[in-house]
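Single-structure report; data block below.
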Amino acid sequence: MFDNIIAVTALYDIGRGGVGRPIEQYIGWLNATLRLPVRFTVFLDPSIELGQIHPKPGDRLVQVPIVEWYPMRWEEQVDRIGISLDSQDLTFTLPRYALLVMSKFDMLKRVAVEEGDSAKMLWVDAGLSRFFRQDMADGLLSRKWLEKFRDASFAASPTPWGLKQIRKGRVEGLVGTSPRLVTGGDLYMTGAGAVHAAQLLHELVEQRWLPNNKWDNEQVAMGQLLADGWPGFKSTKATREFASIVADLFSLRTHRRGIAGQVDHWFEKLSKTRA
């Protein structure tokens with residue numbers, strides 16, 4: 001267990017079962033994610049039975065109603081904006097999805113207030129384990145990668161396309177189209193960086209988006225904040241891959257794309273059949 005890093009995640013039943021991802025699937029993914037050898041704080045929907053979750057010693061499960069998170073106060077206007085847009089993206093067809101992913105900043109802030117400004121923290125999506133070829137318990141902390149975050153108060157991985165849009169000043173016009181500008185599934189921050197990020201997000205949404213009937217998800221919000229100039233933000237690397245921060249920080253292998261990934265999947269199925 002690497003006690004010098006604190007991970008935060010959350011799982012809420014927001015109705016994604018209706019679009020092919022039932023909560024039971026997410027519970028399985030979460031339990032696999034919690035095998036990562038760091039101390040987790042897990043914020044849970046009170047409707048999820050604690051006995052279904054398998055924390056390690058040192059992990060903390062905290063049941064908090066979703067309506068208590070700060071972004072939920074925007075729900076009524078977000079619903080209206082989603083109805084007015086001709087989009088099939090989950091950000092607009094299931095507004096609580098985007099409100100929940102926006103809430104990760106407030107979850108991080110809550111833990112940061114407890115742990116202090118200098119705490120080293122990770123956001124790890126509950127379902128992140130599905131991107132890995134290895135058991136998350138195999139993770140070994142890379143001091144080299146941790147050192148890369150030494151001067152960062154917040155770090156994330158922009159996509160190559162997203163980085164291009166940020167550099168060309170095009171992000172403002174992309175709000176409302178939900179492009180993947182910055183990957184939101186795994187993030188690094190200090191305690192102070194988490195508190196500051198929540199403040200920046202609230203100001204962006206309440207001063208610039210909602211007054212102009214604009215809305216989007218946290219990946220677009222991070223892209224716009226980065227385009228505006230985000231003090232202390234560090235881009236880890238531009239990549240199309242998911243879970244790159246956790247993969248690099250803990251020397252874990254993710255599923256490969258394309259033909260190589262299909263071959264890996266075939267061998268996995270074969271090994272399970274023989275077992």
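- Side-chain contact of Y188 with W145: a donor-acceptor pair under 3.5 Å is absent, judged by distance alone.
- No continuous path of ILVMFWY side-chain contacts below 4.5 Å connects M107 to V113, so the two sit in separate hydrophobic clusters.
- Using a 4.0 Å cut-off between charged nitrogen and carboxylate oxygen, K148 and D248 do not count as a salt-bridge pair.
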- Would you please test R73 and E68 for salt bridge (charged side-chain N to carboxylate O under 4.0 Å, His left out) and show each step? CA-CA 9 Å; R73 65 186 63 189; E68 291 188 12; over 6 Å; no
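- To the nearest 0.5 angstrom, L225 atom CG is 9.5 Å from E203 atom CD.
- To the nearest 0.5 Å, atoms CG (D138) and CZ (R253) are separated by 8.5 Å.
- With sequence neighbours left out, the side-chain hydrogen bond (donor to acceptor under 3.5 Å, both in side chains) criterion links K164 to no other residue.
- Taking 4.5 Å as the limit, some side-chain heavy atom of V175 sits within range of a side-chain heavy atom of Q224.
- S157 and S244 share a side-chain donor-acceptor pair at under 3.5 Å.
- Taking D125 as the reference, K104 meet the salt bridge (Lys or Arg N to Asp or Glu O under 4.0 Å) condition, with sequence neighbours excluded.
- In this structure, the side chain of T190 does not engage the main chain of A119 through any donor-acceptor pair within 3.5 Å.
- The neighbour count for K214 NZ, taken as heavy atoms of other residues, nucleotides or ligands under 6.0 Å away, is above 12.
- Side-chain contact between I23 and I48 is present, with at least one heavy-atom pair separated by less than 4.5 Å.
- Between T33 and T9 the shortest side-chain heavy-atom distance does not fall below 4.5 Å.
- Between E115 and R39, at least one side-chain nitrogen of the basic residue sits less than 4.0 Å from a carboxylate oxygen of the acidic one, meeting the salt-bridge criterion.
- When hydrophobic clusters are built by joining Ile, Leu, Val, Met, Phe, Trp and Tyr residues whose side-chain heavy atoms come closer than 4.5 Å, directly or via intermediates, W230 is grouped together with V171.
- Salt-bridge formation is not detected for the pair D106/K109: no Lys NZ or Arg NE/NH1/NH2 atom is positioned less than 4.0 Å from an Asp or Glu carboxylate oxygen.
- The residues R208 and D228 are annotated as salt-bridged, a charged nitrogen and a carboxylate oxygen being separated by less than 4.0 angstrom.
- L128 has its side chain within reach of D186: a pair of non-hydrogen atoms, C-beta onward, lies under 4.5 Å apart.
- Looking only at side-chain heavy atoms (C-beta outward), I53 and L30 come within less than 4.5 Å of each other.
- Note: the hydrophobic cluster containing F43 does not contain V195 (ILVMFWY, side chain heavy atoms under 4.5 Å, direct or indirect links).
- Taking the six-membered ring wherever Trp is involved, the centroid distance between the rings of F92 and W215 does not fall below 6.0 Å.
- Within the 3.5 Å criterion, the main-chain N or O of L210 finds a donor-acceptor partner in the side chain of Q77.
- Remark: I5 CD1 to M121 CE distance equals 11.5 Å, nearest 0.5 Å.
- The pair R80-E76 meets the salt-bridge criterion, with a side-chain N (NZ, NE, NH1 or NH2) lying under 4.0 Å from an Asp/Glu carboxylate O.
- Under a hydrophobic clustering in which Ile, Leu, Val, Met, Phe, Trp and Tyr are joined whenever their side-chain heavy atoms come within less than 4.5 Å, directly or via other members, L163 and V220 fall into different clusters.
- Hydrophobic clustering of Ile, Leu, Val, Met, Phe, Trp and Tyr side chains at less than 4.5 Å, counting indirect connections, keeps I83 apart from V78.
- Side-chain contact between M222 and F154: present, with at least one pair of heavy atoms (C-beta onward) separated by less than 4.5 Å.
- Not a single donor-acceptor pair under 3.5 Å links the side chain of S153 to the backbone N or O of G193.
- Looking at H202 and W74, their side chains come closer than 4.5 Å, going by heavy atoms from C-beta outward.
- Sparse packing is recorded around CZ of R35, with 12 or fewer heavy atoms of other residues, nucleotides or ligands lying under 6.0 Å away.
- D89 and T91 share a donor-acceptor pair across their side chains, judged by distance under 3.5 Å alone.
- Residues R60 and T41 bring a donor and an acceptor atom of their side chains to less than 3.5 Å of each other.
- Looking only at side-chain heavy atoms (C-beta outward), D216 and L174 stay at 4.5 Å or farther from each other.
- Here E147 pairs with R150 in a salt bridge; the nearest charged N to carboxylate O distance falls below 4.0 Å.
- Between W123 and F105, the ring centre distance reaches or exceeds 6.0 Å.
- Remark: aromatic rings of H255 and F132 are distant, center separation not under 6.0 Å.
- Side-chain N or O atoms of Y12 include one that pairs as donor or acceptor with a backbone N or O of V64 at under 3.5 Å.
- The line from CG of L34 to NE2 of H54 is 9.5 Å long, rounded to the nearest 0.5 Å.
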